[in-house]
Amino acid sequence: MSDSSKPLDSSRRLAIGLTCAAGAVGTVGVAVPFLSSMSPSERAKAAGAPVEVDVGDMKPGELRSVEWRGKPVWVLRRTPEMLETLEKTESKVADPGSLRTAYPTPPYAQNPQRSINPEYLVVIAICTHLGCVPIEKFQAGGDPSLPDDWVGGFLCPCHGSTFDLSGRVFKNKPAPDNLEVPPYFFLSDTRLLIGEEKQA
């Protein structure tokens, strides 16, 4: 009988079994951390998670900034006077009905106020030109960087794009579109959730 046809003795069988078991344990030991590294981290999950904002203590005219998906989002509690300016800017903005599709506006914000509740504006604070962050310019007139008939809004100081108090871009400016409205809805009269839309 040749060596290759001899049955394995028990000690050799045990050694092979132990080697295979050790190899399997090693493979699992390497695979588990590798596969775990492929799933999103808690920080990454949190970065994309919806953000809850309590607006109950916001004063009229107050602007609050929060972060959602690494982007600044403004929540502005508009005064009645601020809302009145939107009629004056209607004919001066490039997309008054928010119908352009580069930054699609949710149906519930395709109105002059660009919001669910006219009192609260919710927009991503990134200029649609080159991604700069605009600044608030709520006071009418008195600023050489703004037109004489300025009634309040936002200015992108990088290239001079201006937006009204609904985030609508004025005509003939470098920014091609209105400020983006993120998905959001009101959980209650004083709390809103940015990053999700209300399910029917």
Side-chain angles (χ1 to χ4, degrees), residues 40 43-55 58 62-78 82-138 150-200:
R43 186 174 178 182
K45 288 178 190 172
V51 176
E52 191 173 319
V53 183
D54 186 350
V55 297
M58 286 184 72
E62 182 180 342
L63 179 71
R64 185 168 291 173
S65 184
V66 297
E67 186 179 334
W68 172 66
R69 291 190 175 176
K71 301 175 185 176
V73 176
W74 282 334
V75 179
L76 171 63
R77 184 176 181 188
R78 293 177 286 204
M82 286 174 154
L83 288 168
E84 284 173 13
T85 68
L86 301 180
E87 281 186 36
K88 298 175 184 174
T89 58
E90 184 87 10
S91 63
K92 300 174 185 178
V93 295
D95 182 20
S98 299
L99 302 177
R100 292 184 179 172
T101 57
Y103 296 90
T105 300
Y108 50 79
Q110 287 181 350
N111 52 55
Q113 299 82 24
R114 299 188 76 228
S115 60
I116 296 170
N117 177 339
E119 196 172 349
Y120 293 97
L121 173 68
V122 181
V123 289
I124 295 176
I126 296 176
C127 181
T128 56
H129 178 219
L130 292 176
C132 304
V133 176
I135 55 176
E136 60 183 88
K137 291 286 184 177
F138 295 160
W150 183 252
V151 292
F154 305 98
L155 165 70
C156 184
C158 302
H159 301 96
S161 293
T162 49
F163 303 86
D164 72 359
L165 289 167
S166 277
R168 299 179 297 184
V169 68
F170 282 88
K171 293 175 182 176
N172 305 314
K173 296 294 179 178
D177 292 287
N178 297 335
L179 296 178
E180 186 178 358
V181 175
Y184 78 97
F185 70 96
F186 280 85
L187 296 165
S188 70
D189 290 342
T190 60
R191 291 184 307 129
L192 59 89
L193 190 70
I194 298 168
E196 283 185 9
E197 294 179 342
K198 191 169 189 176
Q199 300 302 312

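Count residues from 1 along the sequence. Every value quoted in this text rests on a predicted model; they were computed, and no experiment measured them.
Smallest separation of non-hydrogen atoms from Q113 and L121: O-CD1, 4.0 Å. Contact detail for P96 and E90: the closest heavy-atom pair is CB-OE2, 3.6 Å. The minimum heavy-atom distance between P134 and C132, with the atom names listed, is CD-O, 3.5 Å. Closest approach of Q110 and G97 over heavy atoms only: CB-O, 3.9 Å.
Note that NZ of K173 and NE2 of H159 are 13.0 Å apart. Values are rounded to the nearest 0.5 Å. Atom CD1 of I135 sits about 5.0 Å away from atom CG of L155, to the nearest 0.5 Å. Atoms CD1 and CH2, on I124 and W68 in that order, are 5.5 Å from each other to the nearest 0.5 Å. Once rounded to the nearest 0.5 Å, the distance linking OG1 of T162 with NZ of K171 reads 12.5 Å. We find the CG-NZ distance between N172 and K92 to be 13.0 Å, quoted to the nearest 0.5 Å.
Of the N and O atoms on the side chains of S98 and R168, not one donor lies less than 3.5 Å from an acceptor on the other residue. Remark: the R100 side chain and the T105 side chain contain no N/O donor-acceptor pair separated by less than 3.5 Å. No donor-acceptor contact under 3.5 angstrom links the side chains of T128 and D177, judged on distance only.
A heavy-atom distance below 4.5 Å is found between the side chains of R114 and N178. Between T85 and D164, the closest side-chain pair of non-hydrogen atoms is not below 4.5 Å. The side-chain heavy atoms of P174 and H129, taken from C-beta on, include a pair separated by under 4.5 Å. Between L179 and I126, every side-chain heavy-atom pair lies at or beyond the 4.5 Å cut-off. A 4.5 Å side-chain heavy-atom check between N117 and F186 finds at least one atom pair inside the cut-off. Side chains of E197 and P106 form a contact here, defined as non-hydrogen atoms less than 4.5 Å apart. Residues R78 and S115 form a side-chain contact, since some pair of their non-hydrogen atoms from C-beta on lies under 4.5 Å apart. With contacts defined as side-chain heavy-atom distances shorter than 4.5 Å, the pair V93/V169 does not qualify.
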request  = Given side chain to side chain contact (heavy atoms under 4.5 Å, CB included), test L86 with L165 step by step and report yes or no.
outcome  = CA-CA 7 Å; L86 301 180; L165 289 167; 4.2 Å; yes
task = Show the numbers, then the answer: is there a salt bridge (Lys or Arg N to Asp or Glu O under 4.0 Å) between R64 and E62?
result = CA-CA 7 Å; R64 185 168 291 173; E62 182 180 342; 3.4 Å; yes
task = Let me see the working for V73 and V51 under side chain to side chain contact (heavy atoms under 4.5 Å, CB included), right down to the final yes or no.
result = CA-CA 10 Å; V73 176; V51 176; over 6 Å; no
task = Kindly indicate, with the supporting measurements, whether the criterion ring pair (Phe, Tyr, Trp, His ring centres under 6.0 Å) is fulfilled by Y108 and Y184.
result = CA-CA 10 Å; Y108 50 79; Y184 78 97; 5.7 Å; yes
ask   = Yes or no on side chain to side chain contact (heavy atoms under 4.5 Å, CB included) for W74 and V122, after CA distance, side-chain angles and deciding distance?
value = CA-CA 6 Å; W74 282 334; V122 181; over 6 Å; no
Side chain to side chain contact (heavy atoms under 4.5 Å, CB included) evaluation trace for V55 with R77 = CA-CA 8 Å; V55 297; R77 184 176 181 188; over 6 Å; no
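Checked against the 6.0 Å centroid threshold, W150 and F170 count as a close aromatic pair. For F154 and F138, the distance between ring centers is under 6.0 angstrom.
A distance-only check finds a donor-acceptor pair linking the side chain of S166 to the backbone of P112 [under 3.5 Å]. Checking side-chain atoms of S188 against main-chain N and O of R191 turns up a donor-acceptor pair under 3.5 Å.
Remark: of the listed residues I116, V53, D54, V53 is the sole one forming a side chain to side chain contact (heavy atoms under 4.5 Å, CB included) with L192.
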